[in-house]
*Asks:* 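This is the structure I have questions about; it appears just below.
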Amino acid sequence: MESFVYHMPTEIRFGPGSEDGAAELVRKYGGRRVLVVYGGGSAVKSGLIGRLTAQLEAGGLTAVPFGGAQPNPRLAHAREGAALARAQDVDFILAVGGGSAIDTAKAIAHGTANPGVELWDFWLGKAALTRTTPVGVVLTIPAAGSETSDSAVLTNGDAKRGLNSSFNRPVFAILDPRLAATLPKFQVACGVTDILMHTLDRYFNPVSDNETTDALAEALLRTVLRNGPAALENPGNLHAMSELMWCGSLSHNGLTGLGGKKDFAVHQLGHAISAKYDVAHGVSLSAVWPAWARYVAGSDGFRRFAQFARQVWAVDEAGDEAAARLGIERQTAFFRSLGMPVSLPELGFGVLTEGDLADLAARCSYGHSRTIGSFRVLDEAAM
């Protein structure tokens, strides 16, 4: 087992009815004036925003609603939220929704606590993040795992960047599977894909002697593969949805990659695709994973992919190369069974030109300035 440091300070309240504890948790973590960040109209139409606002106010707190969080969360919207929070003397940010609302809330929290700093500079690495405003989460979409992660993604025009910092950790997360029971099937499919990819992007790394970490990741992957189709068929299946909700949080809180070296090449490639074409995060991941897997599996990589095939997909091929290729085929077929794209043309833009691919690679390499990945390091030509 390799050395690691693990600290996951987010308090989890899990299970049906856990949304009723939101006001209590806000007070516990020092909140009095709360900016409630959410996305589109579904959280309002379902009555969730109204219930939470009433609960906060009944608990002696002030609720300031701020809707409009979008997929591929926007810098301009986060700036607007931070300005509102400062104007309203907000001391706590409550995200209601999935990864887009949560990442927007994290950005607003940083902007609120650092009024003299250009918010985008944190994502560009030009400014050091040393303080923030506390963030809590009421999760409605099991997918991104942002409710327990140290990461946040933000989009500025056609540039999409991720920021990793301990200041991105929410102080609490409420995981009530009933809140995800009416999700559209497309969102469920994207969520299942994102949960799998947060685990796979940690599992495929160059470290090979983390037996316990590997076993945790493999068990989580098997659980998602079992429960994902059931939740897609019926989002009201609370057993399946609750398993996905907890797997989503575990997949991105660091647990399934302890002692390893994160790869996340697929996520980086997906960010370039979603920034350019404004597609959903989940479809950008499933569209690129099969090509990435086939590209990096050769020679030394076959052994790791064979382990994945045998432990996750119960492949019984004796040879590592044959097992590895079959595991990749089965994972690709699973994405397809969810209705997810498994190649770039399936995103709806046709076959991309060499110029399109070169532009995507340049975006992913941040203008020819970086490589990505750890399982196999990819330069811009490989991207």
*Asks:* Can you spot which of F375, F302, F204 makes a ring-ring contact (aromatic ring centres under 6.0 Å, His included) with F308?
*Replies:* F204
*Asks:* How would you list, by chain and number, every residue that makes a ring-ring contact (aromatic ring centres under 6.0 Å, His included) with Y366, sequence neighbours excluded?
*Replies:* none
*Asks:* Apply side chain to side chain donor-acceptor pair (under 3.5 Å) to D103 and list each qualifying residue two or more places apart in sequence or on a separate chain.
*Replies:* S146
*Asks:* Got a sec, which residues hit ring-ring contact (aromatic ring centres under 6.0 Å, His included) with F264, two or more places apart in sequence or on another chain?
*Replies:* H267
*Asks:* Hey, could you give me each pair passing ring pair (Phe, Tyr, Trp, His ring centres under 6.0 Å) that has a residue in residues 22-43? Not counting sequence neighbours.
*Replies:* none
*Asks:* Considering only NZ, NE, NH1 and NH2 on the basic side and carboxylate oxygens on the acidic side, decide whether R336 and E329 come within less than 4.0 Å.
*Replies:* no
*Asks:* Just jot down the ring-ring contact (aromatic ring centres under 6.0 Å, His included) partners of F66, sequence neighbours excluded, or say none.
*Replies:* H77
*Asks:* Between R74 and P71, is there a donor-acceptor pair closer than 3.5 Å when you use the side chain of the first and the backbone of the second?
*Replies:* yes
*Asks:* Quick one: which residue pairs count as a side chain to side chain donor-acceptor pair (under 3.5 Å) with a foot in residues 39-50, not counting sequence neighbours?
*Replies:* none
*Asks:* Of L61, L56, D91, V26, which meets side-chain contact (heavy atoms from CB on, under 4.5 Å) against R33?
*Replies:* D91
*Asks:* Pairs in or reaching into residues 166-180: which pass side chain to side chain donor-acceptor pair (under 3.5 Å), with residues at least two apart or in two chains?
*Replies:* H110-N168, D176-R178
*Asks:* Which residues satisfy the side chain to side chain donor-acceptor pair (under 3.5 Å) test with T130, sequence neighbours excluded?
*Replies:* none
*Asks:* Per the ring pair (Phe, Tyr, Trp, His ring centres under 6.0 Å) rule, what does the pair list look like for residues 170-191, sequence neighbours excluded?
*Replies:* F92-F172
*Asks:* Do H281 and K160 come close enough that some side-chain heavy atom pair is under 4.5 Å?
*Replies:* yes
*Asks:* Can you name the residues that form a ring-ring contact (aromatic ring centres under 6.0 Å, His included) with F334, not counting sequence neighbours?
*Replies:* none
*Asks:* Who pairs with R86 by side chain to side chain donor-acceptor pair (under 3.5 Å), at least two apart in sequence or on another chain?
*Replies:* none
*Asks:* Which label fits W292 and W289: parallel for a plane angle under 30°, tilted from 30 to 60°, or perpendicular past 60°?
*Replies:* tilted
*Asks:* Taking salt bridge (Lys or Arg N to Asp or Glu O under 4.0 Å) as the definition, give me every residue that meets it alongside R51, ordered by chain and number, with sequence neighbours left out.
*Replies:* E19
*Asks:* Keeping D201 on the side-chain end and K262 on the backbone end, is there a donor-acceptor pair under 3.5 Å?
*Replies:* no
